[in-house]
**Q** 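Starting off with a structure, shown below.
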Amino acid sequence: MKSFSTSRPSPAIIVAVIALVFALVGSAVAGTDGLSSKITKSKVKSISKKQADKELKANIAGSHVNTADKATKASDSDALGGAGAASYLKFSSGTIPSGSTSVGVWRVIDDADAVSDDRFYTVQLPGKTPVPLAFTSVNFAAGTPGATDGDAACTGTVQNPTAPAGKACLYRSDASNISALAGFQSSSVLADNLFGFSVRATSTAAGQMNASGSWAYTAP
């Protein structure tokens, strides 16, 4: 029977085999570097874009993209502080909306030359009145000390002035050297009284006279 030798290969043979393996692998890598570079720059890049576009379209057409809930209009999106746009006025421009109430203050302060000297103070409204204000529609609240035109329809107070539709109501806070108070139209021509009204104060004696308060106007 023949016997096989079990002796190990010599170190020289091992080194030669390793060198051969590295040489072959290096050649293969070097050979594929140029090819892979060309593929990456031309084929792979374009294929990836096409594939991405295809998958994106498929996702959009399918159920991968969730459907957004339909947006609904907020119930108060056309209001500010719960009040509609009609409740807010442009200062000194446009007509005051029907039913809208404007409020403010008035004051008469001047030196009277004698007893029963009249002084006028003009109040400018924040907009144009739908109907001209006549002297009969500008009155002090009933029971106002010194008022000669007390109107029972003026039911507010100095702190909370109110007025019925079509009227301007005046409320007195304090007064000194005043014998009489009254509300008036601003102009003797009725058609011109669209932007304000007047307050008349009459003196008790010569000297400084002073009166003040609040007012309210509601457009008819």
Side-chain angles (χ1 to χ4, degrees), residues 73-110 112 116-204 209-220:
K73 181 180 179 181
S75 59
D76 62 348
S77 63
D78 56 353
L80 180 60
S87 298
Y88 297 90
L89 308 178
K90 295 179 180 179
F91 182 73
S92 297
S93 66
T95 301
I96 299 174
S98 177
S100 177
T101 299
S102 304
V103 298
V105 297
W106 63 270
R107 186 178 187 187
V108 176
I109 181 169
D110 207 341
S116 298
D117 199 1
D118 291 334
R119 293 292 185 267
F120 288 85
Y121 172 77
T122 300
V123 173
Q124 181 179 350
L125 292 172
K128 183 179 179 180
T129 62
V131 178
L133 284 168
F135 74 93
T136 55
S137 56
V138 184
N139 302 310
F140 274 85
T144 301
T148 61
D149 57 354
D151 191 339
C154 297
T155 57
T157 64
V158 174
Q159 294 79 16
N160 183 32
T162 61
K167 286 193 174 185
C169 290
L170 297 155
Y171 301 91
R172 195 193 88 162
S173 175
D174 60 3
S176 61
N177 195 23
I178 300 293
S179 63
L181 290 167
F184 278 86
Q185 62 193 47
S186 295
S187 171
S188 59
V189 180
L190 180 61
D192 294 339
N193 295 285
L194 294 170
F195 299 98
F197 56 88
S198 295
V199 180
R200 187 192 70 182
T202 305
S203 66
T204 302
M209 53 192 296
N210 178 57
S212 62
S214 63
W215 59 267
Y217 166 76
T218 300

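Treat the numbers as computed from the prediction; the structure is a model and nothing was measured.
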**Q** How many angstroms lie between CD1 in Ile178 and OG in Ser212, if you round to the nearest 0.5 Å?
**A**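 One gets 10.0 Å once the value is rounded to the nearest 0.5 Å.
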**Q** Would the distance check show the side chain of Asn139 and the main-chain N or O of Gly150 forming a donor-acceptor pair, the cut-off being under 3.5 Å?
**A**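 No: the side chain of Asn139 does not pair with the backbone of Gly150.
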**Q** Spell out, as yes or no, whether a donor-acceptor pair under 3.5 Å connects the side chain of Ser214 to the backbone of Val158.
**A**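 Side chain of Ser214 to backbone of Val158: a pair is present.
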**Q** Check each of Phe197, Phe184, Trp215, Phe140 against Trp106 using the ring-ring contact (aromatic ring centres under 6.0 Å, His included) test, and report the only one that passes.
**A**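 Only one option passes, and that is Phe140.
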**Q** Between Ser203 and Asp117, is there a donor-acceptor pair closer than 3.5 Å when you use the side chain of the first and the backbone of the second?
**A**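 Here the side-chain-to-backbone pair exists.
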**Q** Could you tell me which non-hydrogen atom of Val131 sits nearest to which non-hydrogen atom of Thr129, and how far apart they are?
**A**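 Minimum heavy-atom separation between Val131 and Thr129: O-OG1, 2.9 Å.
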**Q** State the CD1-OG1 distance between Ile96 and Thr101, to the nearest 0.5 angstrom.
**A**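 Going from the CD1 atom of Ile96 to the OG1 atom of Thr101 covers 9.5 Å.
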**Q** Nearest heavy-atom pair of Met209 and Ala201: which atoms, and what distance?
**A**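 Between these two residues, the closest heavy atoms are CE-O, 3.4 Å.
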**Q** The test is side chain to side chain contact (heavy atoms under 4.5 Å, CB included); show your working for Leu133 and Leu125 and say whether it passes.
**A** CA-CA 11 Å; Leu133 284 168; Leu125 292 172; 4.1 Å; yes
**Q** Could you state the interatomic distance from CZ (Arg200) to CG (Asp118), rounded to the nearest 0.5 Å?
**A**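 So the gap between those two atoms works out to 5.0 Å.
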**Q** If every non-hydrogen atom of Ala163 is compared with every non-hydrogen atom of Thr218, which pair is closest and at what distance?
**A**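 What the structure gives for the nearest pair is O-OG1, 2.7 Å.
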**Q** Roughly how far, to the nearest 0.5 Å, is the OG atom of Ser198 from the CZ atom of Arg119?
**A**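 If I round to the nearest 0.5 Å, the distance is 14.0 Å.
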**Q** Keeping to residues at least two apart or across chains, list the salt bridge (charged side-chain N to carboxylate O under 4.0 Å, His left out) pairs with something in residues 136-163.
**A**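 Counting only pairs at least two positions apart or across chains, the salt bridge (charged side-chain N to carboxylate O under 4.0 Å, His left out) contacts touching residues 136-163 are Asp151-Lys167.
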**Q** Of all heavy-atom pairs between Ala216 and Val103, which one has the smallest distance, and what is that distance?
**A**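 Residues Ala216 and Val103, closest heavy atoms: CB-CG1, 4.0 Å.
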**Q** Do you know which two heavy atoms are closest between Pro220 and Ala165, and how far apart they sit?
**A**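 So the two residues come closest at CA-CB, 4.0 Å.
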**Q** Could you tell me the separation between the CZ atom of Phe195 and the OG atom of Ser187, rounded to the nearest 0.5 Å?
**A**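 It is 12.0 Å, given to the nearest 0.5 Å.
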**Q** Between Gln185 and Ala134, is there a donor-acceptor pair closer than 3.5 Å when you use the side chain of the first and the backbone of the second?
**A**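 Pair absent, no side-chain N/O of Gln185 close to backbone of Ala134.
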**Q** To the nearest 0.5 Å, what is the distance between OG (Ser186) and CG (Asp192)?
**A**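 That separation rounds to 10.0 Å.
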**Q** Determine whether a donor-acceptor pair (N or O, by modelled atom type, separation under 3.5 Å) exists between the side chain of Asn193 and the backbone of Leu190.
**A**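 Yes; at least one donor-acceptor contact below 3.5 Å.
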**Q** Would the distance check show the side chain of Ser179 and the main-chain N or O of Thr202 forming a donor-acceptor pair, the cut-off being under 3.5 Å?
**A**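 It does hold such a pair.
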**Q** When you look at OH of Tyr121, are more than 12 heavy atoms from neighbouring residues, nucleotides or ligands closer to it than 6.0 Å?
**A**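 Atom OH in Tyr121 is packed in, count exceeds 12.
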**Q** Is Thr162 reaching over with its side chain to a backbone N or O of Gly156, donor-acceptor style, under 3.5 angstrom?
**A**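 Yes; at least one donor-acceptor contact below 3.5 Å.
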**Q** Mind running side chain to side chain contact (heavy atoms under 4.5 Å, CB included) on Arg107 and Asn210 for me, showing each step along the way?
**A** CA-CA 7 Å; Arg107 186 178 187 187; Asn210 178 57; 3.0 Å; yes
**Q** Any heavy-atom pair between the side chains of Pro164 and Cys169 that's under 4.5 Å?
**A**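 Side-chain contact under 4.5 Å: yes.
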